[in-house]
Amino acid sequence: MQELEERIRTEGTVKPGNVLKVDAFLNHQCDVALFDQMGKAWAEHFAGKRVDKILTIEASGIGIACVAARHFGNVPVVFAKKAQSINLDGDQYVTTVYSFTKQREFPVIVSKKFLNEGEHVLLIDDFLANGKALRGLIDICDHAGATVAGIGIAVEKGFQGGGDQLRADGFDVDSLAIVESMDASTGEIVFRH
């Protein structure tokens, strides 16, 4: 998606340790018009596929998933929580994922009442690096007996291999911007086309 790549190029910052900071428009301050264009792009890519729900992980994926849902007939958006709380009651699907950004493992939790057997689920997230978070969501869908209809990603760090491995495993991954390489010393970002 040309507009997203341009925003990354002009407003993104490459930090040491393969970190791409895009908080001005994607995962701190949210550009809702951009999210709408992203949702439209995913709706075009996944046209003809059954999507009953969208599943993401808190917090950065929530805004993107909610806006994208408007392009999928306003299907419900469910987000996996990263911490147990007194508001989480009843039976739950729980798995553990490793966050590249946070450099630690954390649980991801979805109430069983919000993810059902036979549902077709579109996974949406802001970033895909090594794919651990998405593997956690796939694991939760598997436990629920739900089908992963596809995976929509805003920014994929192609050089970290998570997306390529998910595609090799048969998942339909639509990343709107795939960063092939980036250099913290120069700020250069190269996209895969």
Side-chain angles (χ1 to χ4, degrees), residues 1 4 26-27 30-85 87-97 99 106-156 162-178:
M1 187 176 147
L4 180 58
L26 192 66
N27 55 15
C30 302
D31 184 329
V32 177
L34 178 64
F35 288 8
D36 191 56
Q37 290 303 309
M38 292 162 54
K40 182 179 175 199
W42 286 319
E44 289 169 5
H45 179 87
F46 296 112
K49 285 198 174 184
R50 177 178 151 197
V51 175
D52 303 310
K53 267 184 189 149
I54 293 176
L55 177 63
T56 189
I57 293 183
E58 69 174 354
S60 301
I62 297 172
I64 298 166
C66 287
V67 176
R70 308 280 294 160
H71 295 274
F72 290 90
N74 295 313
V75 297
V77 173
V78 178
F79 63 90
K81 296 191 174 220
K82 291 182 183 174
Q84 198 56 259
S85 78
N87 290 335
L88 273 169
D89 56 358
D91 290 337
Q92 304 162 351
Y93 299 110
V94 181
T95 192
T96 302
V97 300
S99 168
F106 56 86
V108 288
I109 306 156
V110 174
S111 174
K112 287 188 177 180
K113 67 183 172 190
F114 298 128
L115 197 57
N116 304 297
E117 186 173 352
E119 287 182 320
H120 289 244
V121 179
L122 177 63
L123 308 181
I124 297 273
D125 210 356
D126 61 338
F127 267 91
L128 168 53
N130 54 30
K132 302 286 192 225
L134 287 166
R135 293 285 179 186
L137 294 181
I138 292 165
D139 185 50
I140 285 173
C141 287
D142 287 348
H143 281 93
T147 299
V148 175
I151 300 170
I153 300 295
V155 183
E156 177 182 337
D164 294 333
Q165 188 57 57
L166 287 163
R167 290 179 190 93
D169 291 345
F171 292 99
D172 183 358
V173 180
D174 185 34
S175 296
L176 301 179
I178 302 178

Checklist entry - Taking it one step at a time, do F106 and T96 satisfy side chain to side chain contact (heavy atoms under 4.5 Å, CB included)? => result CA-CA 6 Å; F106 56 86; T96 302; over 6 Å; no

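- The shortest side-chain heavy-atom distance between F171 and L134 does not fall under the 4.5 Å cut-off.
- Inter-residue side-chain proximity for D172 and H45 is flagged as met; some heavy-atom pair is nearer than 4.5 Å.
- For residues 140-155, the pairs satisfying side-chain hydrogen bond (donor to acceptor under 3.5 Å, both in side chains) are D139-H143, with sequence neighbours left out.
- In this structure, CZ on F127 lies 9.0 Å from CD1 on I64, to the nearest 0.5 angstrom.
- In this structure, D174 CG and I124 CD1 are separated by 8.5 Å, a value rounded to the nearest 0.5 Å.
- Looking at every heavy atom in both residues, L4 comes nearest to A154 through CD2-O, 3.2 Å.
- With rounding to the nearest 0.5 angstrom, the CD1 atom of I54 is 10.0 Å from the NE2 atom of H71.
- Taking each heavy atom of F72 and G39 in turn, the nearest pair found is CE1-O, 4.2 Å.
- At a threshold of 4.5 Å between non-hydrogen side-chain atoms, the residues M1 and L34 count as touching.
- For the atom pair CZ of F35 and SG of C30, the computed distance is 4.0 Å after rounding to the nearest 0.5 Å.
- Under the 3.5 Å distance criterion, the side-chain polar atoms of E58 are matched with a main-chain donor or acceptor of K82.
- Rounded to the nearest 0.5 Å, atoms CD1 (I151) and CD1 (I138) are 4.5 Å apart.
- Each of V110, L122, D125 was checked for a side chain to side chain contact (heavy atoms under 4.5 Å, CB included) with L55, and the lone residue meeting it is V110.
- In plain terms, the two heavy atoms of A144 and Y93 that are nearest each other are CA-OH, 3.3 Å.
- Inter-residue side-chain proximity for I62 and T56 is flagged as met; some heavy-atom pair is nearer than 4.5 Å.
- When atom types are taken as modelled, the side chain of K53 and the backbone of F114 share a donor-acceptor pair closer than 3.5 angstrom.
- Residues A146 and V121 share a closest heavy-atom pair of CB-CG2, 3.9 Å.
- For the pair V78 and L115, the minimum side-chain heavy-atom distance is 4.5 Å or more.
- The nearest pair of heavy atoms linking L128 to G162 is CD1-C, 4.2 Å.
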Next on the checklist: side chain to side chain contact (heavy atoms under 4.5 Å, CB included) for L137 and V148? Distances and angles first, verdict last.
Outcome noted: CA-CA 9 Å; L137 294 181; V148 175; over 6 Å; no

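- The two atoms that bring A65 and V77 nearest to each other are O-CG2, 3.6 Å, heavy atoms only.
- Panel note: side chain K112, backbone D91; no donor-acceptor pair is recorded below 3.5 Å.
- Crowding of R50 atom CZ: a count of heavy atoms from other residues, nucleotides or ligands under 6.0 Å exceeding 12.
- Contact of the R135 side chain with the L166 side chain is registered, since non-hydrogen atoms from C-beta on lie closer than 4.5 Å.
- With sequence neighbours excluded, no residue forms a salt bridge (Lys or Arg N to Asp or Glu O under 4.0 Å) with D36.
- Here the straight-line distance linking atom CD of E156 with atom CD1 of I178 works out to 4.5 Å at 0.5 Å rounding.
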